[in-house]
Every structure is written in C-alpha cells, then in structure tokens.
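One structure is given below, encoded as structure tokens.
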Amino acid sequence: MRRAVCPGSFDPVTIGHLDIFGRAAALFDEVVVAVGVNKSKSATSNRLFTSDERLEMIAAAVSPWSNVNVQGFTGLVTDFCRDIEAQAIVKGLRGSGDYDYELQMAQMNAHLTDVETVFLMTDPSMSFVSSSLVKEVASFGGDVSGLVPPAVFERLTARLAERRAGA
Ligand code: PNS
C-alpha cells in the first residue's frame, strides 16, 4: 500500500489544491489530506475558518475520489506520516516562490525521517490561485467563484459577510 500525505492549512481549500489531490490519487493507493489543526494562538489568529470547518469542506470536496480522505494533525508532519504509515508527502509547486519555501521544508523533513517529498507542478491555469489571495480578493468583493468549490464559495461569502457585520 503506497500512501501519501498532502499537508496544508487549506484556509480555504482551492481548485489548485483539489487538482493536486486528484493527481496524487492517481499516483498513490491512498491519499490523506492532512489539515494542520495547531491550536496555538499564532496559528489560528489569522484563519478565516476553524479546523473543523476546513476538514468538513475538504471532506465534501474530495468525496468523488474513493482513495482520498482527510484528517487533522498536530505537531510535525513527519510524525503524522510515521503514525499513519505514509511513505510520501505530496505538494504542489506554483513557481519559484513556492520552490524556495518548499525545498527547505522538504530537506528538513528528509533530515527528520525517511519520508519522501514529491512535488507536482501546478497546472498553469491555476498557478495564480492561493488561499490567501482568494480571501483577499473576496474580501474586497472580487469574483472568486471559479477558484474554490461551489460549497466553499458559499461559506466564504457568508463568513466574510459575518466579519463585515462584526459577528
Ligand atoms: O498551508 P501551508 O501554510 O503551506 O501549510 C504548512 C504546513 C501545515 C504543511 C506546514 O507548516 C507543516 O508541515 N506544519 C507542521 C509542523 C511541521 O512539521 N513543521 C516543520 C516543517 S519542515
């Protein structure tokens, strides 16, 4: 059984993430989307969605793939990989900015354990998509409806409206 982990914060999950999950699902027997659920204030203060909400949205979005599931994790991603017996971490690379950041993490993770990091190049049609830009653009009323799954778009719109209303 070849098992891969796709780790991230996914606040919220985008079409770019889903493209990577689907392509990883074609390469591995099982793909576990691992949502960082660190409860520390610094990790949660700038999140739009709680970890439970992010898990729920991803579970719905990956339901078409029978070999993809989602789990929360705390602590080191390498410990999570060991605990669930995953051999690889799969990440998408959009460009050189991602590469610089991801290379260092991949090398640190290789120093800590024997888990391999596998990079998939982002589909060029999605290389501008990031959770943070989606949130920023949506917060100023820009149309991000094609950049996240429809159910995520609904929740994003509702959450931003709540925030604007001071809820
Ligand atoms: O969505 P992000 O910010 O790219 O997600 C980053 C994440 C959660 C994948 C990364 O911060 C991570 O792996 N955190 C777990 C803690 C850990 O293992 N840190 C050392 C990484 S070398």
Side-chain angles (χ1 to χ4, degrees), residues 3-25 27-28 30-62 65 68-123 126-139 144 147-149 151-153 155-156 159-160:
R3 184 178 285 124
V5 164
C6 290
S9 44
F10 308 114
D11 185 46
V13 68
T14 70
I15 57 164
H17 296 131
L18 291 173
D19 180 58
I20 297 299
F21 302 160
R23 287 161 60 196
L27 294 171
F28 290 88
E30 184 184 355
V31 173
V32 178
V33 179
V35 180
V37 296
N38 193 327
K39 298 278 196 295
S40 81
K41 190 158 188 286
S42 61
T44 55
S45 57
N46 62 349
R47 299 278 186 242
L48 192 57
F49 294 103
T50 66
S51 48
D52 284 346
E53 289 170 329
R54 287 179 274 140
L55 284 159
E56 241 175 70
M57 288 187 279
I58 294 167
V62 302
W65 292 295
V68 183
N69 63 75
V70 59
Q71 295 183 37
F73 80 100
T74 55
L76 293 174
V77 70
T78 47
D79 288 343
F80 179 72
C81 290
R82 183 201 57 220
D83 292 347
I84 67 161
E85 296 179 1
Q87 298 85 5
I89 293 171
V90 175
K91 294 249 180 139
L93 280 188
R94 285 167 298 201
S96 55
D98 280 354
Y99 176 79
D100 289 342
Y101 175 59
E102 296 293 346
L103 175 68
Q104 194 180 15
M105 284 208 288
Q107 289 173 334
M108 176 60 85
N109 288 333
H111 170 77
L112 294 170
T113 182
D114 58 0
V115 70
E116 286 286 0
T117 299
V118 175
F119 291 118
L120 300 180
M121 301 308 137
T122 299
D123 183 307
M126 300 173 188
S127 59
F128 63 95
V129 180
S130 70
S131 298
S132 49
L133 265 189
V134 161
K135 286 185 286 190
E136 182 179 327
V137 170
S139 74
V144 297
L147 306 181
V148 292
V152 173
F153 179 69
R155 291 178 81 149
L156 176 62
R159 178 58 44 86
L160 290 170

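In what follows, every heavy atom counts, from backbone to side chain, and hydrogens, waters and symmetry copies are set aside. We count ligands from 1, going down the list as the structure has it; atoms in each ligand are counted the same way.
- The number of heavy-atom neighbours closer than 6.0 Å to CD of Glu30, taken from other residues, nucleotides and ligands shown, is above 12.
- Across Ile20 and Gly92, no two heavy atoms sit closer than the pair CD1-CA, 3.7 Å.
- Here the closest non-hydrogen pair linking Val33 and Phe21 is CG1-CZ, 3.6 Å.
- Between Arg3 and Ile84 there is a side-chain heavy-atom pair separated by less than 4.5 Å.
- Salt-bridge annotation for Asp11 and Lys135: present, with a side-chain N of the basic residue lying under 4.0 Å from a carboxylate O of the acidic one.
- At a heavy-atom cutoff of 4.0 Å, ligand 1 is surrounded by Pro7, Gly8, Ser9, Phe73, Gly75, Leu76, Val77, Lys91, Met105, Met108, Asn109.
- Going from atom CD of Glu56 over to atom CD1 of Ile58 covers 11.0 Å, rounded to the nearest 0.5 Å.
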